[in-house]
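We name chains A, B, ... by the order of the sequence lines, and we start the count at 1 in each one. All values reported here derive from a predicted model rather than from experimental measurement.
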Amino acid sequence: MNLFAEIRDLVVDCLAAMQSEGTLPGGLDFGNVSVEPPRDAGHGDMATNAAMVLARPAGLKPRDIAQALAERMAGDPRIAAVEVAGPGFLNLRLAPTVWQGVLASILAEGEAFGRSDMGRGQKVNVEYVSANPTGPLHVGHTRGAVFGDALASLLAYCGHDVTREYYINDGGAQVDVLARSVYLRYLEALGREVAFEDGTYPGDYLIPLGKQLADKVGNAWVGQPEAVWLAEAREFSTGAMMDLIRSDLAALGIRMDVFFSERSLYGTGRIEAAIDALRARGLIYRGVLEPPKGKVPEDWEPREQTLFKSTEHGDDVDRPIMKSDGGWTYFAPDIAYHYDKICRGFDALIDVFGADHGGYVKRMKAAVSALGDGRVPLDIKLTQLVKLWKDGEPFKMSKRAGTFVTLRDVVDQVGPDATRFHMLTRKNDAPLDFDFARVLEQSRENPVFYVQYAHARVMSVLRKAAEAGIAADDATLAGAELARIDDGAELAVARKLAEWPRLVEIAARTHEPHRVAFYLYELAGDFHALWNRGNDQPGLRFLQEGDIATSQAKLALARAVSVVISAGLGILGVTPAQEMR
RNA sequence: GGUCCCGUAGCUCAGCUGGAUAGAGUGUUCGCCUCCGAAGCGAAAGGCCACAGGUUCGAAUCCUGUCGGGACCGCCA
């Protein structure tokens, strides 16, 4: 139930009635008419711009339309007051019964209260993490993982049919490097002296793999050329790394629906098929690219290559898909992978990349635009860097120095809930500070704590009610005498709760799950404020001694807050706290 | 040189398909626990929304340009 949508319907109905009685000309487009919460609460509960948007097409003065509309709207029982303001805004004040009705809906619908069906019938693919299978996930991956997962949940909450997907980059040279590195650990496990040169991964996490290989194949590979062992070592190593990555993700509470292997595209004709699809659209040609302007590499020389005419679909230059040695560039399997997604029938694609991949956005969009003939939108969300802080000092990560902070390190130290919430306290394209101490701090400064605390407070007061023998299950509370909720501070919380369905839709439409986190912080703030007023005004406390009916009405409000917080945290993948310990 | 992202209060950041006097937290100043719900609450101060043009009833938001910060930039993945 979206109250803003309901009131907008009312506005549109009134406008239509004005048309049929001749106050407004026919043939107007109401598409731009909106009903929104005003910035300033002093302006009322909602405001509509109807009069201003329609003034010009209707050939009337905004304030005249507003006045007529106001008179008509005033007749609706949901409208307590309506006034024309500013250049032609209509400020609406809703009857307390409306807010009380919101509380009843929340208790009746539970966490389905904010659900939307905007995505009904829409198959959406969200690809995220997609880290190379060459090592454990680190902090940077964590942000992309949490962001992608929350976005996927958000879309699912809005009725989309969501597939969570991970693209395994197991087709390129880096997995050969992995295999060689593991081979060295294998030799080491058999007591040989080995040296890790440049171009191998020296990480300790490969030591157990070397041992396992030694147990498995014994001395068979010692002194043998790569042709003997490389393929099998690669298979074994990437498999083990993906197991590691899967368990890292599980520690964060993330489970993918699909792991898609890049390797599965090779030797199966699937890359060729994707390129053929581009060729059929006249987008593949042989040609020579201009050197990059400004910064010309020293060893630049013009070469004829097989190119994708991505400029036809918004890219800045055409992109090579085949190397001069005849092999595919990395871009070719990426094209084939996205072609595969299109062929699987998704209505929309979302890729979550690290900000360092910003350079690939245009070409990837070009490929999808070409292969989907413009019908399948691809949104690419970039997650900015995570800056680590420890003890108030910036913490530099370095693989060489061994100060490499993994996803596992973070989750082990602060837990999955705090990790996830904190990763969403910034917009995806803004850099994020992650301070280990800060994230665990119990203060208002820490949104993780502050939101959890609000939920725990509701749970606490419900437990108190039970101790006092007051029935406080959802069904009972839904039938409480909600008219007793009439204080301004209480109605302010109800008003905030009413915004939830609208916020969910905006967050889903813009692909911005951080909005949920910010909303929860604000809602928690409103709730804490009300709670604290109970200090000075005992009449605002949730439990009213000797007055079960009023207690139940107030408990209904508290419970509604916890339902929405719980729904919101659920989208973010965070468990609501039952108590603060 | 090009592309993308960012520039909002001292600091860290929100800001709704363009809406009214631009908001939070923190910090600063002031008030609130002998008792009942203070890991908190209330109030005040704090702004050329980087700059300059443009679009229109109306711009922090959209367009163009300039300045500043970051990321990326031909066969590597």
Step by step, would you call A/W500 with A/Y519 a ring-ring contact (aromatic ring centres under 6.0 Å, His included)?
CA-CA 8 Å; A/W500 170 240; A/Y519 169 83; 5.3 Å; yes
In whole Å, what separates the [atom1] atom of [N] from that of [M]?
N	M	atom1	answer
B/U17	B/C63	P	15 Å
B/C76	B/A22	C1'	47 Å
B/C30	B/C36	C1'	26 Å
B/G18	B/C62	P	8 Å
B/C6	B/A24	P	24 Å
B/A50	B/U8	C1'	10 Å
B/G7	B/G54	P	24 Å
B/A59	B/A20	C1'	13 Å

Nearest whole angstrom, please: distance from the [atom2] of [N] to the [atom1] of [X].
X	N	atom1	atom2	answer
A/E499	B/C16	CD	C1'	10 Å
A/K496	B/C16	NZ	C1'	11 Å
A/D316	B/C4	CG	C1'	9 Å

Under 4.0 Å from OP1 or OP2 of [N]: is there any side-chain N or O of [X] that close?
X	N	answer
A/H528	B/G42	no
A/K427	B/G15	yes
A/R533	B/G42	no
A/Y167	B/A77	no
A/K323	B/C76	yes

Short N-O contact, A/E467 and A/K464, less than 4.0 angstrom:
no
Identify whether the distance between the nearest side-chain nitrogen and carboxylate oxygen of A/E83 and A/R93 falls below 4.0 Å.
no
Assign A/E445 to base, sugar-phosphate, or nothing according to its heavy-atom contacts below 4.0 angstrom with the strands shown.
sugar-phosphate
Opposite nucleotide pairing with [N], Watson-Crick or G-U, both atom distances under 3.5 Å:
N	answer
B/G68	B/C6
B/A20	none
B/U34	none
B/C73	B/G1
B/G27	none
B/G58	none
B/G53	B/C63

Classified by glycosidic angle (syn within 90° of 0, else anti), B/C62 comes out anti
Between [options], which nucleotide has the shortest distance from any of its atoms to the side chain of [X]?
X	options	result
A/Q174	B/C16, B/A71, B/A77	B/A77
A/P37	B/A77, B/C16, B/A14	B/C16
A/N532	B/C13, B/C76, B/C41	B/C41

Any donor-acceptor pair, under 3.5 Å, between the side chain of [X] and the base of [N], if you only look at N and O atoms?
X	N	answer
A/Y521	B/A14	no
A/R515	B/C16	no
A/Y450	B/A39	no

Give a yes or no on whether A/R533 atom CZ has more than 12 heavy-atom contacts from other residues, nucleotides or ligands under 6.0 Å away.
no
Less than 5.5 Å between centroids and less than 30° between ring planes, does A/F449 satisfy that with B/A39?
no
Expected list for residues 423-430 of chain A: side-chain donor-acceptor pairs under 3.5 angstrom, two or more places apart:
from   : atom 1 : to     : atom 2 : distance (Å)
A/T425 : OG1    : A/H422 : O      : 2.6
A/N428 : ND2    : A/L382 : O      : 2.9

Can any side-chain N or O of A/E522 pair as donor or acceptor with the backbone N or O of A/A517 at less than 3.5 Å?
no
Do A/T238 and A/E235 pair up side chain to side chain, a donor and an acceptor below 3.5 Å, judged on atom types alone?
no
